[in-house]
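Following: one structure in C-alpha cells, then a few remarks.
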Amino acid sequence: MSKVQGGMKCVKYLLFVFNFIFWLSGLLVLAVGLWLRFDPGTVELLTGDGAPDTFFIAVYILLGAGGLMMVVGFFGCFGALRESQCLLASFFACLLIIFGAEIAAGVFGFMNKEQIVEEVQKFYSSSVTDNNNVNGTAIAKIYHKTLDCCGGSTPDPALCPEEEADKKDCLTAISDFLNTKLHVIGYIGIGIAGVMMIGMIFSMVLCCAIRNSREVI
C-alpha cells in the first residue's frame, strides 16, 4: 500500500489533529446539551404538567449531534492514519449529513424562537390566572423563585406583595432566560458548522491525494 508523501503527509496529520479536535468538540457539545437538559432552572420551568417541550426538541438535536460527532471524529482519526479512501469518504459523507442536520436545527431554532418563548409565557400566564388550581399556583411560585420575577406585564397585588413590586415581570424574565439559552445553542451550531467545513476540505484533499498516489504505482 502506497503512502502519501510531502505536503499531503502534512495534510494527513492535520486531518488527524482536526479529527481529534472534532471529537473533543463533540464531547463539548454533548456536555452543553446535557447541561441545557438537566440545568436545575430549565428543568423546574419546563418539566411541569402541560409545559411546552419545543425547547427540549432543540436540546435533543444538540445531544444527538454531539454523540454523532464523537463517533465520526473517532473514525475520521482512524481513516486518516490508515489512509483509507473508504473511511475518509464515509467521514466526508457523515460530516455532510451532520452539517445538513445543523442547518436544519438552526432553521428550526430561528423559525421557532419566538414560538418557544410565547409558549412558555402562555404556560406561565395560564398558571397564574387560575387561582383555584393548586398546581398552577405552585408552578407560578417556581417561576417567581427561579427567575427572581413576579407577575405578568401588569402588576397584580394578589401575586406580588408590595415588597416585590419592583421585581422584573415574569414575561420579560422568561424571554430573557430562554433567549440566553437559545443563543448558546445558536453559537455552538455556527461554530460546529465552521469546523465541519474545514474537516470536509481536508478529507476531500487527502482522499484525492491517496487515490492519485495509488494510480501512479
Side-chain angles (χ1 to χ4, degrees), residues 24-67 69 101-195:
L24 290 177
S25 299
L27 183 63
L28 176 63
V29 170
L30 195 64
V32 171
L34 289 172
W35 169 68
L36 289 170
R37 176 58 185 86
F38 297 106
D39 173 53
T42 307
V43 170
E44 283 189 337
L45 299 182
L46 299 177
T47 55
D49 293 337
D53 58 0
T54 314
F55 174 80
F56 284 128
I57 292 175
V59 173
Y60 292 141
I61 292 174
L62 200 65
L63 286 170
M69 284 173 65
E102 287 290 332
I103 297 297
V107 171
F108 173 83
F110 178 77
M111 297 294 292
N112 292 277
K113 185 176 75 169
E114 297 301 325
Q115 178 188 342
I116 293 171
V117 174
E118 288 176 4
E119 284 180 355
V120 179
Q121 288 175 334
K122 287 179 182 177
F123 177 63
Y124 168 77
S125 298
S126 64
S127 69
V128 298
T129 52
D130 190 0
N131 295 324
N132 296 322
N133 188 343
V134 176
N135 186 51
T137 303
I139 290 171
K141 288 181 178 178
I142 290 173
Y143 275 75
H144 294 172
K145 179 182 177 182
T146 304
L147 300 178
D148 193 26
C149 63
C150 192
S153 54
T154 57
D156 186 348
L159 276 176
C160 307
E162 196 171 315
E163 60 271 15
E164 296 185 359
D166 58 342
K167 285 188 176 181
K168 181 188 295 185
D169 70 88
C170 287
L171 299 184
T172 302
I174 289 170
S175 178
D176 293 343
F177 178 81
L178 290 178
N179 280 326
T180 299
K181 302 290 184 182
L182 291 170
H183 285 156
V184 170
I185 295 176
Y187 292 143
I188 288 175
I190 292 171
I192 292 171
V195 169

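Just the heavy atoms: all of them, side chains too, but no hydrogens, waters or symmetry mates, feed the values below. Numbering of residues begins at 1 and proceeds along the displayed sequence.
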Are any non-hydrogen side-chain atoms of F177 and Y143 less than 4.5 angstrom apart?
no

Say you draw a straight line from CD of E118 to CD1 of I174; how long is it, rounded to the nearest 0.5 Å?
12.0 Å

So, taking the atom named OG in S175 and the one named CG in D169, what distance separates them when rounded to the nearest 0.5 Å?
10.0 Å

Got a sec, which residues hit side chain to side chain contact (heavy atoms under 4.5 Å, CB included) with [X], two or more places apart in sequence or on another chain?
X: I142; result: E44, L45, T146
X: L27; result: W23, M70
X: D148; result: K167

Q115: which residues meet the side chain to side chain donor-acceptor pair (under 3.5 Å) condition with it, sequence neighbours left out?
E119

Whether R37 engages the ring of F56 as a cation-pi pair (distance to the six-membered ring centre under 6.0 angstrom, angle to the ring normal within 45°) should be assessed.
yes

Grab the two heavy atoms, one from S125 and one from L171, that are nearest each other, plus how far apart they are.
OG-CD2, 3.7 Å

Closest non-hydrogen atoms of C170 and C150, given as atom of the first, atom of the second and distance, are SG-N, 3.4 Å

Not counting sequence neighbours, list each pair that qualifies as a salt bridge (charged side-chain N to carboxylate O under 4.0 Å, His left out) and has a residue in residues 173-184.
D39-K181, K168-D176

